[in-house]
Amino acid sequence: MALRRFLLACGVVSLTAGCASNTFAPNYQSTNTDILRIGGDRPDATAPAVEDLGSFCVETTQQWNDQGRTPDDQRLWVKSTLRRAVPCR
């Protein structure tokens, strides 16, 4: 009975150690600063742009959103883009 408990305890410890060793530090680097920025104030949003696609037009609106903080307490800014069909002028 003691051997069975010992083996169970060893199994639990090895599973816990195995799962803990697979964690990694997050990497918040991006070479494309058009979609992700780290630190500083909120980047300026561009004015909505209208693009003529022939039979209809598309209005594109871009906005920067705060996505929290990095482990070293810097702000994460991520760009979101909204596209909608609009009548051509």
Side-chain angles (χ1 to χ4, degrees):
M1 191 68 169
L3 180 60
R4 189 178 295 170
R5 286 185 184 177
F6 176 73
L7 290 176
L8 179 63
C10 286
V12 169
V13 168
S14 64
L15 284 174
T16 304
C19 291
S21 66
N22 289 335
T23 60
F24 57 91
N27 182 2
Y28 295 105
Q29 295 180 356
S30 174
T31 56
N32 187 355
T33 57
D34 288 338
I35 58 170
L36 172 70
R37 299 218 180 142
I38 301 169
D41 295 328
R42 179 186 304 264
D44 293 331
T46 59
V50 177
E51 182 180 359
D52 188 354
L53 299 177
S55 61
F56 66 97
C57 291
V58 173
E59 180 184 63
T60 305
T61 306
Q62 298 176 350
Q63 178 180 359
W64 288 91
N65 299 312
D66 181 7
Q67 294 294 313
R69 294 186 175 271
T70 63
D72 59 349
D73 207 34
Q74 294 184 31
R75 288 265 183 217
L76 282 173
W77 301 103
V78 177
K79 185 191 294 185
S80 63
T81 306
L82 173 67
R83 292 179 179 87
R84 65 183 184 124
V86 294
C88 295
R89 297 174 201 192

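Quick caveat: nothing in here was measured; it's all calculated off a predicted structure. Starting from 1, each residue takes its place in the sequence as its number. Heavy atoms only: backbone and side chains are in, while hydrogens, waters and symmetry mates are out.
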Greater than 12 external heavy atoms within 6.0 Å of D52's CG: yes

task: Report yes or no: does W64 contribute a side-chain atom to a donor-acceptor pair with the main-chain N or O of R37 at less than 3.5 Å?
output: no

- request: Could you walk me through whether T70 and L76 pass side-chain contact (heavy atoms from CB on, under 4.5 Å), step by step?
  value: CA-CA 7 Å; T70 63; L76 282 173; 3.8 Å; yes

message: I'd like to check V58 versus V86 (side-chain heavy atoms, cut-off strictly below 4.5 Å). Are they in contact?
response: no

message: With a 4.5 Å cut-off on side-chain heavy atoms, are W77 and D66 touching?
response: yes

field: Q62, Q63, K79 screened by side-chain contact (heavy atoms from CB on, under 4.5 Å) with T46, the one that passes
entry: Q62

- request: Determine whether V78 and I35 make a side-chain contact, defined as any pair of heavy atoms from C-beta on separated by less than 4.5 Å.
  value: no

- request: Starting from the C-alpha separation in whole Å, work towards a yes-or-no answer on side-chain contact (heavy atoms from CB on, under 4.5 Å) for Q74 and R69.
  value: CA-CA 5 Å; Q74 294 184 31; R69 294 186 175 271; over 6 Å; no

